[in-house]
Amino acid sequence: MGLSEYLFVFAFFGVPGVLGAWLARTRGKNPLVWGLLSAPFPFCIFILWFQKPISEVPGYFRKCLTCGAVYPWKLDSCTYCGAKLEK
Ligand SMILES: [Zn+2]
């Protein structure tokens, strides 16, 4: 195989695999399992993309102490009940 074929294989399986693994990590799931699933089945990325973690994932998602909803880490108040983050 030439270099261009390797690049094609990487783009075809590597990119969705890496993307799936990264998304899985941000959602508190097993990156290895989801990376391997996403490589041959890129629709797994869409499943991960729209799925919120069920528990807090430090650096990515925070769990609201008031209503229990999970919202993005960078926000300082809950997107569901508006409860402010205690620091
Ligand atoms: Zn809340």
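Computed from heavy atoms alone, side chains included, the values below leave out hydrogens, waters and symmetry copies. Each ligand, and each atom within it, is numbered from 1 in the order the structure gives. Treat the numbers as computed from the prediction; the structure is a model and nothing was measured.
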- prompt: Can you name the closest pair of heavy atoms from Leu37 and Pro40 and give their distance?
  reply: O-CD, 3.4 Å
- request: Check for a donor-acceptor pair, side chain of Arg62 on one end and backbone N or O of Lys74 on the other, with a separation under 3.5 Å.
  value: no
- prompt: So does Ile47 have more than 12 non-hydrogen atoms from other groups sitting under 6.0 Å from CD1?
  reply: yes
field: CZ-OH distance between Arg27 and Tyr60, expressed to the nearest 0.5 angstrom
entry: 10.5 Å
message: With side-chain contact (heavy atoms from CB on, under 4.5 Å) as the test, pick out the partner of Lys29 among Leu48, Val57, Ile54, Leu23.
response: Leu48
field: Under 2.8 Å from the Zn ion (ligand 1) - protein N/O/S, by chain and number
entry: Cys64 SG, Cys67 SG, Cys78 SG, Cys81 SG
- request: Could you pull out the closest heavy-atom pair between Ala69 and Tyr80, with the gap in Å?
  value: CB-CD1, 3.2 Å
